[in-house]
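In the text below, chain A, chain B and the rest are named by the order of the sequence lines, each starting its count at 1.
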2 protein chains.
Amino acid sequence: MTADLVAVLVAVTDGTPKIMTIAGGSALPSGPFEFAHRSLQTALRAWVEAQTGHPLGYVEQLYTFADRGRSGNAKTPHSISISYLGLTREDRVGEGFEAHWTGWYDYFPWEDHRAGAPAFLAKMLAPKLKAWAKSAPSPALQRERWQRCSITFGLEDRDWNEELVLQRYELLYEAALIPEAGRENGRGASIVPGKPMTSDHRRILATGIARLRAKIKYRPVVFELLPAEFTLLQLQRSVEALAGRLVHKQNFRRLIEQQELVEETGAIAADTVGRPAKLFRFRHAVLAERAVIGTKLPLSRT
Amino acid sequence: MTADLVAVLVAVTDGTPKIMTIAGGSALPSGPFEFAHRSLQTALRAWVEAQTGHPLGYVEQLYTFADRGRSGNAKTPHSISISYLGLTREDRVGEGFEAHWTGWYDYFPWEDHRAGAPAFLAKMLAPKLKAWAKSAPSPALQRERWQRCSITFGLEDRDWNEELVLQRYELLYEAALIPEAGRENGRGASIVPGKPMTSDHRRILATGIARLRAKIKYRPVVFELLPAEFTLLQLQRSVEALAGRLVHKQNFRRLIEQQELVEETGAIAADTVGRPAKLFRFRHAVLAERAVIGTKLPLSRT
DNA sequence: CATCTTATGCTCAAGGAGAGTATAAATGGC
DNA sequence: GCCATTTATACTCTCCTTGAGCATAAGATG
């Protein structure tokens with residue numbers, strides 16, 4: 001038996017959340033766990049550093065898989081995959097490595113609601129989901145399926161919940177609307193826009209995105225993705241990029257400031273359009289002051 | 001290399017949260033993962049069923065450990081432990097099995113604040129933590145340590161946050177105030193009340209408690225621990241038992257009812273003191289209606 | 001009947017969240 | 001210089017939630 005580490009490494013550049021990929025963007029970076037390390041975390045850090053040439057910021061475990069039929073590869077059934085979420089900045093990655101950065105919405109175009117719900121959602125996805133629901137054996141199951149679809153995707157005037165990334169992915173998988181679903185039996189047409197990935201890497205990515213979208217609401221982890229100094233708008237754009245939805249600017253600033261998450265550097269942002277903005281830095285002291293308790297971002301769903 | 005499953009199985013009986021233990025209450029049930037199963041979840045369910053003679057309700061993965069020096073046992077360094085949280089009811093467990101149910105506050109007496117903060121907290125724990133803080137090399141570190149103590153334990157008029165179970169455990173471990181901390185170097189005096197456990201099982205239990213305390217606030221998982229029919233007070237007592245703190249009765253009922261989590265059965269509780277209470281049952285429909293979205297319990301910390 | 005205990009209905013004030021208005025400070029085109 | 005455009009920043013207003021308490025109801029027990 002072997003154990004593999006799979007990493008969801010996230011960075012945000014110019015309002016685009018990106019993840020580190022290998023093999024032309026078709027897989028997440030992964031590698032065998034070496035027992036030489038004291039813990040899984042240190043193993044992951046060492047391994048990422050070797051791959052990318054740069055240290056890792058915030059790290060958090062995601063999930064451990066051991067499903068036999070899961071990998072789609074019958075030759076390696078006795079393997080456990082331990083997945084991690086890691087936050088960095090793109091510019092930190094050294095040159096000459098195999099890794100690339102790919103926008104995460106390339107894999108999940110239905111997860112970006114910043115400009116409203118994507119057009120293809122109502123136009124083509126919803127009908128296909130409806131068809132899938134109709135294909136259930138009993139009327140009760142049909143209603144149940146459709147209810148599930150409209151809740152997870154926010155159809156029929158329901159609110160869209162940005163945290164249900166994994167549920168949406170699994171629904172599409174179950175409805176066989178993504179290539180990963182048809183792999184075992186040879187069918188593999190891409191019914192819905194979005195790049196597929198090897199094995200279940202896209203599911204792991206969905207888990208990571210969901211976790212991060214939940215986390216930014218109560219922990220100051222966004223700052224791991226930002227440069228040392230930033231404007232409040234940059235901060236807001238990063239949050240919006242991760243959450244996949246826009247927030248009210250004034251309320252956002254009110255919340256950030258009343259929580260004393262940031263402090264002015266005294267400098268002013270250069271090279272900008274419009275009125276110049278003050279530069280801020282993260283108040284690292286809050287990590288000690290409030291420890292693990294809570295910080296809030298205006299991303300609740302009503 | 002091997003993989004082990006470790007289970008935190010929780011039940012609530014008469015307002016006492018209990019966990020399934022083996023070896024006289026000194027360990028959590030655990031066993032090797034058999035690759036015969038399709039997934040970790042099914043392996044865990046099969047295994048728990050074999051041990052306890054009864055099926056398992058809600059199951060959720062907790063954490064995967066692979067720290068070499070972690071187990072304290074040099075003979076089995078190449079092992080991965082995958083821990084799970086499972087919810088049942090005590091009465092469901094069959095007879096003639098090795099397992100026992102032990103109150104979880106036996107292991108974490110400092111986590112029960114239902115009757116106010118436990119007396120030994122201020123009387124003996126706080127001074128010991130203060131001494132530990134003082135033993136830091138520099139004044140800055142001393143302040144930092146003490147700040148951390150008072151935040152995680154809610155000392156000096158701070159609010160107590162019931163979710164910081166793991167942080168409190170780790171702080172006590174770091175300060176060498178629990179037997180587990182001294183095991184490697186032979187010291188092992190029990191400085192603080194509370195039963196220790198083998199290996200890092202108490203840490204895993206802390207992880208499980210923390211997860212459950214967080215979860216009950218936004219998912220209707222409490223009902224997994226209750227009989228099919230219950231009074232609102234029973235429901236409240238169960239929540240309080242898990243959270244380790246009391247809630248305002250009227251507000252609790254307001255929240256439960258306005259969310260339509262339960263419905264009246266029409267029956268009235270028998271054999272009670274005081275005015276008889278209506279019996280309720282969980283509206284399983286909410287699981288479909290709101291899917292994974294949100295349900296709230298009045299357990300926010302102000 | 002008085003008292004105890006729990007159930008249950010209702011009110012009130014404070015704080016937070018969502019949304020909008022208004023004004024300030026820069027740029028670039030004319 | 002004037003104006004449109006873009007972004008920054010300060011306030012305000014209303015609705016909802018939450019914490020807290022008061023009051024009353026309905027049973028048991030002596």
**Request:** Could you check how far CG of A:L279 sits from C1' of D:dT7, rounded to whole Å?
**Result:** 14 Å
**Prompt:** Tell me: CD of B:Q259 to C1' of D:dT18, nearest whole Å?
**Reply:** 13 Å
**Prompt:** Taking protein heavy atoms under 4.0 Å as touching, what does nucleotides 21-30 of chain D look like 5' to 3' if B marks base contact, S marks sugar-phosphate-only contact and - marks none?
**Reply:** BB--BBB---
**Item:** Residues B:E162, B:R213; criterion salt bridge (Lys or Arg N to Asp or Glu O under 4.0 Å); working and verdict
**Value:** CA-CA 7 Å; B:E162 74 278 357; B:R213 282 185 171 178; over 6 Å; no
**Message:** Could you check whether any side-chain N or O of A:Y169 sits under 3.5 Å from a backbone N or O of A:I204, counting only pairs where one atom can act as donor and the other as acceptor?
**Reply:** no
**Asked** Which atom names give the shortest non-hydrogen contact between A:L233 and A:K249, and what distance separates them?
**Response** CD1-CE, 4.0 Å
**Message:** Measuring to OP1 and OP2 of C:dA7, would you say a side-chain N or O of B:K249 lies under 4.0 angstrom away?
**Reply:** yes
**Prompt:** How long is the line joining CD1 of B:I256 and C1' of C:dT8, in whole Å?
**Reply:** 15 Å
**Complete:** Taken to the nearest whole Å, CZ/A:F252 to C1'/C:dA19 is 17 Å
**Asked** Does a side-chain heavy-atom distance below 4.5 Å link A:V222 with A:F282?
**Response** no
**Item:** Distance, rounded to the nearest Å, where A:K278 contributes NZ and D:dT7 contributes C1'
**Value:** 14 Å
**Asked** Would you say B:R253's side chain and B:L232's backbone share a donor-acceptor pair under 3.5 angstrom?
**Response** no
**Complete:** From the list A:V59, A:L56, A:V12, A:V10, side chain to side chain contact (heavy atoms under 4.5 Å, CB included) partner of A:L87 resolves to A:V10
**Item:** Donor-acceptor pair under 3.5 Å, A:R254 side chain vs C:dG18 base
**Value:** yes
**Complete:** note: A:L246, atom CG; C:dA19, atom P; distance rounded to Å ~ 12 Å
**Request:** Indicate yes or no: does A:R219 engage A:E60 in a salt bridge with an N to O separation below 4.0 Å.
**Result:** no
**Message:** So if I take every side-chain heavy atom of B:R253 and compare against C:dA17, C:dA7, D:dA8, which nucleotide ends up nearest?
**Reply:** C:dA7
**Interatomic distance where CD1 belongs to B:I268 and P belongs to C:dT8 [whole Å]** = 7 Å
**Fill in**
To the nearest angstrom, the CD-C1' distance between A:Q258 and C:dA17 comes to 10 Å
